[in-house]
Amino acid sequence: MRLSRYFLPILKETPKEAEIVSHRLMLRAGMIRQQSAGIYSWLPFGHAVLQKVDQIVREEQNRSGAVELLMPTIQPADLWKESGRYDDYGKEMLRITDRHDRDMLFGPTNEEMVTDIFRGSVKSYKDLPLNLYHIQWKFRDEVRPRFGVMRGREFLMKDAYSFDLTKEDARKSYNRMFVAYLRTYQRLGLTAIPMKADSGPIGGDMTHEFIVLADTGESEVFCHRDFLDLPVPDENIDFDGDLSPWVDKYTAQYAATEEMHDEAAFAEIPEEDRVSARGIEVGHIFYFGTKYSEPMNARVAGPDGVDVPVHMGSYGIGVSRLVGAIIEASHDENGIIWPESVAPFQIGLISLKAGHEATDAACEGLYERLTNAGMSVLYDDRDMRAGGKFASMDLIGLPWQLIIGPKGVESGEIELKNRRTGARESLTPDAAFNKLQATLNS
RNA sequence: CGGGGUAUAGCUCAGCCUGGUAGAGCACUGGUUUUGGGAACCAGGGGUCGAGAGUUCGAAUCUUUCUGCCCCGACCA
């Protein structure tokens with residue numbers, strides 16, 4: 001992509017409404033534009049990141065055996081009246097009346113709807129287990145939206161719903177999601193720690209919040225240092241096998257958010273292993289049994305022929321929030337530092353002197369070569385001074401920068417810079433190409 | 001939903017106290033000189049000063065009502 005033909009409205013100054021770093025950087029890097037409190041347009045650069053995250057989440061859901069569908073944003077109120085939540089859910093639910101005066105709502109979540117879909121078609125234990133998920137925009141009319149996309153009113157969320165005959169089976173479904181989440185966050189370049197969450201009236205140990213540590217996190221969290229470098233299952237993990245060893249490994253040590261914090265238990269950890277930090281919740285999984293299947297009559301026949309309500313769980317990942325969380329966890333004073341897995345482009349190619357014949361030729365040649373080799377390149381071909389280009393490229397945080405100017409072209413060298421480490425090296429165009437190909441296509 | 005702010009050019013802000021023809025920097029357009037870490041100069045374009053009502057000869061400025069947005073708290077993926 002040539003920057004001169006892209007839409008990347010970079011801001012030199014920070015809009016005053018942005019308080020936290022991810023919000024500031026997302027506005028400055030031309031990723032989002034606010035349309036109303038907590039409601040954002042995703043501009044091309046931001047949209048590209050959102051799609052990368054979306055796709056990784058999808059791939060890991062699919063790998064775990066979950067099946068994708070797509071439910072609507074607008075739901076009829078009747079389903080919610082059936083479960084009893086129409087009255088329970090407060091003003092956070094955006095209620096709408098259509099032209100026929102029917103009560104509708106903009107979905108804040110989809111338990112009722114997916115239960116309705118399930119009960120219409122599944123009647124036997126032979127069709128279980130089943131896990132249905134979608135990635136869809138939700139709306140919660142927060143009293144006080146803030147932190148940009150981290151706490152918006154409209155947000156993109158992956159929500160999965162598992163259906164099982166028994167609680168024991170539901171635990172297996174829970175474990176599958178647990179492991180899928182570990183893999184998902186790792187692929188996104190994040191260290192996410194599963195922490196005990198409040199299970200509310202359901203009770204039990206099957207609920208965890210996945211927390212990313214970041215200095216600017218919204219809440220205080222406490223955990224054992226071991227979590228910071230626990231291995232994550234590789235892509236060959238068998239989701240039909242017994243996943244409990246992995247879950248056990250990740251639940252053996254102390255980890256809790258503020259609300260669930262137990263000072264005494266935390267004190268038992270050797271002092272040097274105690275981690276007390278700020279965290280961002282990027283996922284939440286929980287088992288809730290027959291809370292919806294009971295009132296909504298979602299029952300299946302067991303092997304004995306008797307109908308029983310299915311055991312359900314739901315599993316959320318805040319996809320749009322993750323974009324902010326990744327920035328919170330990965331930036332410096334100059335801007336964003338994208339993990340390679342979610343970077344909108346792998347390489348930023350800077351022409352230090354657009355219009356200079358030899359420089360243009362060198363840039364065009366390399367741009368074409370890299371692109372043809374399957375690498376994604378944002379080519380800054382604007383006629384602009386070098387300083388501004390360097391600042392822009394650091395701000396938008398592409399993992400690799402290729403810097404080509406008249407001096408280097410004359411001596412046959414270009415500069416390759418790693419955004420994260422800041423390391424630069426002068427290479428011939430061939431060497432730079434080979435290095436990038438070896439690094440990025442591996 | 002309680003408390004506190006704020007609203008002037010695309011962005012950051014001054015002007016308001018003490019009413020008198022709407023400003024600066026950056027950005028944008030044209031030009032000249034520059035050119036390896038956010039250049040300089042010259043010439044331009046761009047604002048019903050959030051909206052309504054009032055006071056006044058005259059309102060960005062004073063009074064008042066409304067609205068948007070932001071921050072703190074309670075609440076939450």
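This one's a predicted model, so the numbers in the text were calculated from it and none came from an experiment. Keep in mind that the numbers below use all heavy atoms, side chains included, and drop hydrogens, waters and symmetry copies. Naming: A, B, ... by sequence-line order, numbering from 1 per chain.
- Side-chain atoms of A:R146 and base atoms of B:G73 include no donor and acceptor less than 3.5 Å apart.
- Donor-acceptor pairing under 3.5 Å is recorded for the side chains of A:Q75 and A:W80.
- In this structure, A:Q35 atom CD and B:G68 atom C1' are separated by 14 Å, rounded to whole Å.
- We find that CD of A:E415 is positioned 11 Å from P of B:G37, with the value rounded to whole Å.
- For A:R382 and B:A27, the CZ to C1' distance is 13 Å, given to the nearest whole Å.
- When heavy atoms are screened at a 4.0 angstrom cut-off, A:G387 is found touching the sugar-phosphate backbone but no base atom.
- Residue-to-nucleotide proximity on RNA chain B shows that, of A:E281 and A:A391, the 5′-proximal contact is made by A:A391.
- A cation-pi arrangement, defined by a distance under 6.0 Å to the six-membered ring centre and an angle within 45 degrees of its axis, is present between A:R369 and A:F433.
- Nucleic acid contact for A:L11: none, since no nucleic acid atom lies under 4.0 Å from a heavy atom of the residue.
- Between the base of B:G68 and the side chain of A:Q34 there is no donor-acceptor pair shorter than 3.5 Å.
- Going from atom NZ of A:K353 over to atom P of B:U34 covers 10 Å, rounded to whole Å.
- Summarising the geometry, the separation between CD on A:E209 and P on B:C76 is reported as 10 Å, rounded to the nearest angstrom.
- Within 4.0 Å of A:S36, counting heavy atoms only, lie sugar-phosphate atoms of the nucleic acid but no base atom.
- Among the protein residues, A:K389 comes within range of no part of the nucleic acid, since none of its heavy atoms lies under 4.0 Å from any strand.
- Between A:E111 and A:R85 there is a salt bridge, with a side-chain nitrogen of the basic residue lying less than 4.0 Å from a carboxylate oxygen of the acidic one.
- Not a single donor-acceptor pair under 3.5 Å links the side chain of A:H47 to the backbone N or O of A:L43.
- A:R153 has its CZ atom 15 Å from the C1' atom of B:C75, to the nearest Å.
- As a whole-Å value, the separation of A:R144 CZ from B:G73 P is 7 Å.
- Between A:Y161 and A:Y133, the distance from one ring center to the other does not fall under 6.0 angstrom.
- Nearer the 5' end of RNA chain B, as judged by each residue's closest nucleotide, is the contact made by A:M384, out of A:M384 and A:F147.
- Atom CG of A:D394 and atom P of B:G37 are 13 Å apart (whole Å).
- By the criterion of a centre-to-centre distance under 5.5 Å and near-parallel planes under 30°, the ring of A:F155 forms a stack with the base of B:A77.
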